[in-house]
Amino acid sequence: FVLAFIFNVPMRAIERFIDKIRYRKRKKEKEVKPMNLKIKRAISFASTILLLLLVLLVIGSVVAPKMAESIVSIYDLIVSKLPDIMKLLEEHDIDAKFITDWINNLDIKKVVEFLSQKDFDVIDFLFSFVGSTVSSIVSIGVAIVITIYALLGKESLCNSTKRLITVHMKEKYANFILHVADLINDRYTKFLSGQAIESCILGLLMFIVLSIFKIPYASLIGVLTALCAFIPYIGAFLSCFIGAFLVLLVKPELIIIYIVAYLLTQFIENQFIYPHVVGNSVGLKAIWTIIAVFIGGKFFGVLGMVFFIPLVAVIVTLVNEYTTKKEKDKNSLE
């Protein structure tokens with residue numbers, strides 16, 4: 001059901017796009033006949049699957065090898081400069097022998113060399129990994145079937161669920177549960193769709209700008225920026241810091257140009273692109289976003305950082321609604 005919810009985001013966008021095209025073509029007509037729901041649903045589902053396969057193909061054939069090459073070069077660079085780093089630490093009476101031991105025991109090259117193979121195919125890699133156990137294949141197969149049925153019959157599923165809730169629960173509690181479900185759907189849909197588009201735009205824009213200034217590892221920094229963009233406020237600082245470290249390793253003289261170019265790109269994106277693409281997608285202030293990222297990361301790692309932001313937005317909205325209601329009741333009594 002989580003997969004169905006995630007896939008439903010692009011499916012709804014495609015369905016709205018289909019309706020918009022049909023309306024434009026037939027705008028001269030007084031009435032536009034609604035398209036058959038099954039046909040529209042099948043087209044949107046097939047388009048979503050094709051889009052997913054295209055993304056996986058691009059990652060497997062372009063992004064993954066480039067990332068692997070960058071990681072290998074960074075690893076070799078760190079190893080080559082390790083003596084200078086150790087000498088600097090020893091001059092300041094800092095015992096950093098554990099760094100040498102960790103670098104010597106780190107067998108990162110085997111992993112990245114596998115990823116950087118020219119014949120590396122992400123589809124084959126995924127299927128070979130999943131095929132390690134029969135139970136994994138069965139579990140994923142059942143999950144895919146449930147996802148397909150949930151997506152193709154989502155109206156029927158939603159209506160049946162609403163019917164069960166309203167019939168078997170008191171009206172007060174049923175309305176509250178349905179209201180919370182609407183909030184969750186609204187916040188997560190806006191957040192996932194908006195952040196996905198915004199992160200792709202920002203990553204591509206960052207890659208182009210850094211390439212113009214001939215900043216090393218422009219592609220790697222662009223990918224990191226796109227991934228970190230899913231974490232508002234904090235992600236920008238994190239990707240900037242990692243990029244600055246990489247630039248310092250290779251060309252320290254370009255660090256000022258890198259920071260200025262990065263911050264300028266972020267500023268342009270935040271002022272002119274983000275408001276139109278994402279806007280105030282979850283209605284969450286900066287302080288609550290930071291708290292959501294901290295709590296989610298503490299308990300569920302990186303995924304928790306991302307998915308806790310809309311969740312906290314829902315909680316804050318419910319608390320505000322409850323507080324407003326209590327405030328009105330208190331004022332009416334006075």
Side-chain angles (χ1 to χ4, degrees), residues 1-18 37-56 123 126-127 129-169 173-197 199 227 230-231 281-284 292-293 295-297 299-318:
F1 286 109
V2 172
L3 284 175
F5 182 83
I6 294 173
F7 286 170
N8 187 49
V9 174
M11 279 185 63
R12 287 174 61 184
I14 293 171
E15 288 174 6
R16 288 195 297 268
F17 180 71
I18 292 173
L37 183 60
K38 291 184 179 180
I39 297 176
K40 183 166 66 174
R41 187 60 43 76
I43 293 173
S44 63
F45 180 75
S47 301
T48 302
I49 297 300
L50 289 174
L51 184 63
L52 176 63
L53 292 175
L54 179 63
V55 170
L56 290 176
I123 306 299
L126 289 175
F127 275 104
F129 179 78
V130 173
S132 58
T133 58
V134 176
S135 60
S136 297
I137 297 175
V138 173
S139 298
I140 290 178
V142 171
I144 291 173
V145 171
I146 293 174
T147 301
I148 294 172
Y149 273 99
L151 288 172
L152 296 181
K154 57 184 179 181
E155 282 83 6
S156 175
L157 183 63
C158 290
N159 292 333
S160 299
T161 305
K162 287 181 180 179
R163 180 168 174 265
L164 286 172
I165 293 172
T166 53
V167 170
H168 295 285
M169 300 185 72
Y173 300 113
N175 291 336
F176 176 75
I177 291 174
L178 293 176
H179 176 58
V180 172
D182 287 337
L183 277 177
I184 291 174
N185 178 57
D186 178 70
R187 295 296 187 269
Y188 272 93
T189 299
K190 287 181 178 178
F191 179 78
L192 291 175
S193 58
Q195 289 297 141
I197 296 172
S199 63
L227 293 175
F230 274 92
I231 309 174
S281 59
V282 294
L284 204 59
V293 169
I295 296 174
F299 290 101
F300 300 102
V302 177
L303 288 178
M305 291 181 182
V306 176
F307 285 96
F308 257 60
I309 294 173
L311 179 61
V312 171
V314 171
I315 295 172
V316 170
T317 301
L318 292 173

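At a cut-off of 3.5 Å, with distance as the only test, no side-chain donor of Ser193 or Arg12 sits close to an acceptor on the other residue.
Taking OG1 of Thr147 as the start and CZ of Phe45 as the end, the distance is 8.0 Å to the nearest 0.5 Å. Distance check, rounded to the nearest 0.5 Å: CG of Leu183 to CG of Leu318 gives 5.5 Å.
Screening residues 155-164 for side-chain hydrogen bond (donor to acceptor under 3.5 Å, both in side chains), with sequence neighbours left out, gives Arg41-Glu155.
Across Ala174 and Thr166, no two heavy atoms sit closer than the pair CB-CA, 4.1 Å. The two residues Ser47 and Ile14 make their nearest non-hydrogen contact at CB-CD1, 3.6 Å. When all heavy atoms of Thr48 and Phe7 are compared, the closest pair comes out as CG2-O, 4.1 Å. Considering all non-hydrogen atoms of both residues, Phe308 and Ala292 come closest at CB-O, 3.5 Å. For the pair Met11 and Ser44, the tightest heavy-atom approach, listed with the atom from each and the gap, is CE-OG, 3.4 Å. Here the closest heavy-atom approach between residue Ile184 and residue Phe5 is recorded as O-CZ, 4.4 Å.
Judged by distance alone, with hydrogens and angles left aside, the side-chain atoms of Thr189 form no donor-acceptor pair with the main-chain N or O of Asp186 at under 3.5 Å.
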*Kindly indicate, with the supporting measurements, whether the criterion side-chain contact (heavy atoms from CB on, under 4.5 Å) is fulfilled by Val2 and Phe307.*
CA-CA 12 Å; Val2 172; Phe307 285 96; over 6 Å; no

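In this structure the side chain of Tyr149 never reaches within 4.5 angstrom of the side chain of Leu157, judged on heavy atoms. Under the 4.5 Å side-chain criterion, counting only non-hydrogen atoms from C-beta, Leu3 is not in contact with Ile146. Two residues are said to be in side-chain contact when any heavy atoms from C-beta on lie closer than 4.5 Å; Ile6 and Tyr188 fail this criterion. Contact check for Thr317 versus Arg187: side-chain heavy atoms found under the 4.5 Å cut-off.
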